[in-house]
Amino acid sequence: MKTTILTVDPKDTKLNNEIYAKAAEVINTGGLVAFPTETVYGLGANALDGTAVKKIYKAKGRPSDNPLIAHISAIEQLYALVRDISPAAQRLMKAFWPGPMTLVFKKKDIIPSETSGGLDTVAIRYPENKTAQDFITACGVPIAAPSANTSGKPSPTRASHVEYDLDGKIDMIIDGGSCEFGLESTIVDVSGLTPCLLRPGSVTLEMLREIVPDITVDKAVLGRLNEGERPKAPGMKYTHYSPDASVTIVRGSTEKTVCEINRLLEEHGAEKCGVIATEETKDGYNTENVLVIGSRRHPETIAANLFKMLRKCDYYGYKLVFVEGFPESEIGLAIMNRLKKAAGYNIIELD
Ligand code: TXA
Ligand code: MG
């Protein structure tokens, strides 16, 4: 299969509309289109067409029990897809939609089991990114879309990442530049009595608590589950975001962290190792192989660059990667959730 790559131009509405019309034709004939959102790139198919959705699992190599998010481009589209919208869900929608938050509802029968991974619930997201909205609107159907990476690899935040993973396996990529937030959406389950955070993201737990103070947090958000324990978001059980290198997180005061990573570099031989550092610490390391992920003073820059940096580790062929840890508050909870998974929970705590 040849993958067509089409680039939108924010200043050229006519060109963009032609692109969305072509993409809609692919979707409405059961094909796959990757598209940008404000979180990461998604790999889209018609969420109401089980046969089309199956192709997503095949292209990504994704386990079929891991359900997909259905994307909409207007609140009205929600009512045909889900049942029992609670007052808490309505408050969350009002506060954070459109935006980087996904809600899990009880599903209506129109959602095929391929999209819901066999569950009786369905995850819905209303993205804010203009290209995503215009694309979904042009298709005229909800768009099922996981992140557009090969299963297990870091999520794509640029069209080139999608091309690297999926070229020849999907019909089209809409290139809309780099993604603003860079981490996948916050997921909240609103299908039960009390809302529950299933995956942390740029809509932070602190922000959610302002709207739904009684929100609970699924255990899988914070750390590794014990043998036999199941996360509520099936995808949280899989190894994820991993570069080929073996990743170790080192967490403590910045001074101790730099000191310990320098010791590890000496122990393992600096040439084959990479360090993921911050603006504040980058000059402290005894190696050239330093990737700067962002600034501790602006944690959103760390979130936006995280997946790109993990992909770079493969590009440079590092065998071992040492990454600084971050405090687990606000966006730090989502950053550490992704880093811990990338590291297989391999973390050195210094304090
Ligand atoms: O930001 C995002 O959410 C991106 C963009 C493309 O929208 N999408 C994304 O999809 O990250 P994906 O498939 O990579 O992650 C979806 C997560 C998985 O962990 C999955 O198990 C969980 O959502 N999920 C989907 N449906 C669910 C449901 N009904 N109940 C619980 N978890 C669900
Ligand atoms: Mg994913």
Side-chain angles (χ1 to χ4, degrees), residues 33-45 47 53 56-57 59-73 81-83 96-108 111-129 131-133 135-136 142-157 161-162 165-166 174 176 179-192 195-203 218 220-221 230-242 303 307 334 337-338 341-342:
V33 176
F35 62 100
T37 81
E38 68 274 25
T39 57
V40 300
Y41 273 74
L43 177 57
V53 167
I56 294 181
Y57 289 93
K60 278 182 62 98
R62 179 178 174 111
S64 61
D65 68 344
N66 191 4
L68 307 178
I69 298 172
H71 295 68
I72 56 176
S73 58
L81 309 177
V82 310
R83 297 187 281 122
F96 302 117
W97 272 3
M101 178 191 72
T102 297
L103 295 177
V104 174
F105 297 93
K106 294 208 181 85
K107 79 174 191 75
K108 283 192 173 162
I111 300 282
S113 64
E114 287 84 357
T115 298
S116 66
L119 300 175
D120 60 1
T121 54
V122 63
I124 309 279
R125 177 152 121 77
Y126 176 6
E128 187 170 28
N129 177 283
T131 302
Q133 287 186 358
F135 159 66
I136 298 164
I143 300 295
S147 48
N149 51 288
T150 298
S151 210
K153 287 286 145 197
S155 296
T157 54
H161 299 165
V162 181
D165 280 13
L166 298 177
I174 303 177
C179 301
E180 182 188 349
F181 293 109
L183 295 181
E184 308 89 341
S185 61
T186 304
I187 305 181
V188 182
D189 183 350
V190 290
S191 69
C196 178
L197 176 67
L198 305 188
R199 181 174 73 182
S202 296
V203 172
D218 192 52
V221 168
R230 282 200 203 198
K232 283 208 205 153
M236 295 286 274
K237 74 173 174 264
Y238 296 107
T239 318
H240 237 107
Y241 317 123
S242 322
F307 290 138
N337 171 271
R338 306 310 191 273
K341 286 174 160 240

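Ligands are counted one by one from 1 in listed order, and the atoms in each one are counted from 1 as well.
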Atoms in ligand 1 flagged as close to [X], the criterion being non-hydrogen separation under 4.0 Å:
X      : answer
Ala123 : 25 (C), 26 (N), 27 (C), 29 (N)
Leu68  : 25 (C), 26 (N)
Gly42  : 6 (C)

What residue and atom, counting heavy atoms only, is the protein's closest point to [atom], and at what distance?
atom                    : answer
atom 4 (C) of ligand 1  : Val40 CG2, 3.8 Å
atom 31 (C) of ligand 1 : Lys232 O, 3.3 Å
atom 9 (C) of ligand 1  : Ser147 N, 3.7 Å
atom 24 (N) of ligand 1 : Pro67 CG, 3.8 Å
atom 17 (C) of ligand 1 : Ile187 CD1, 3.5 Å
atom 20 (C) of ligand 1 : Asn66 OD1, 3.2 Å
atom 32 (N) of ligand 1 : Ala233 CA, 3.3 Å
atom 3 (O) of ligand 1  : Ser185 OG, 2.5 Å

Could you tell me whether the side chain of [Y] reaches within less than 4.5 Å of the side chain of [X], counting heavy atoms only?
X      : Y      : result
Pro234 : Leu119 : yes
Glu180 : Ser202 : no
His71  : Pro142 : no

Which one of [options] has a non-hydrogen atom at the shortest distance from [atom]?
atom                    : options                       : result
atom 16 (C) of ligand 1 : Ile111, Ile124, Leu198, Ile69 : Ile69
atom 10 (O) of ligand 1 : Ser151, Pro146, Pro234        : Pro146
atom 15 (O) of ligand 1 : His71, Arg199, Arg62, Glu184  : Arg199

Heavy atoms from other residues, nucleotides or ligands near CZ of Arg230 exceed 12 (cutoff 6.0 Å) |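 No.
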
Could you pull out every donor-acceptor pair under 3.5 Å between side chains of residues 99-107 and any protein atom, sequence neighbours left out?
{"residue": "Thr102", "atom": "OG1", "partner": "Ser185", "partner atom": "OG", "Å": "2.7"}
{"residue": "Lys106", "atom": "NZ", "partner": "Ser191", "partner atom": "O", "Å": "3.4"}
{"residue": "Lys107", "atom": "NZ", "partner": "Ile111", "partner atom": "O", "Å": "2.7"}

Any idea how Phe135 and Phe35 line up, ring-wise: parallel (<30°), tilted (30 to 60°), or perpendicular (>60°)?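 Answer is tilted, since the angle falls between 30° and 60°.
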
* Using a 4.0 Å heavy-atom cut-off, say whether Thr121 meets ligand 1 through its side chain, its backbone, both or neither. =>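 For Thr121, backbone and side-chain atoms both sit under 4.0 Å from ligand 1.
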
Leu166 side, atom CG; Leu43 side, atom CG - distance, nearest 0.5 Å: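 Going from CG on Leu166 over to CG on Leu43, the span is 6.0 Å.
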
*Does Lys107 have a heavy atom less than 4.0 Å from any atom of ligand 1?*
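No; Lys107 lies far enough from ligand 1 that no heavy-atom distance drops under 4.0 Å.
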
- Task: Decide whether the shortest distance between a heavy atom of Ser116 and an atom of ligand 1 is less than 4.0 Å.
- Result: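 For ligand 1, residue contact (heavy atoms, under 4.0 Å) with Ser116 is absent.
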
Legend entry - Residue and atom, protein N/O/S, under 2.8 Å of the Mg ion (ligand 2):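 N, O, S partners closer than 2.8 Å: Ser147 OG.
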
N/O of Arg125 under 3.5 Å from N/O of ligand 1, yes or no?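 Right, the criterion is met.
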
May I ask you to say whether Arg125 pairs ionically with Glu38, meaning some side-chain N is under 4.0 Å from a carboxylate O?
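Salt bridge flag = yes for Glu38 with Arg125.
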
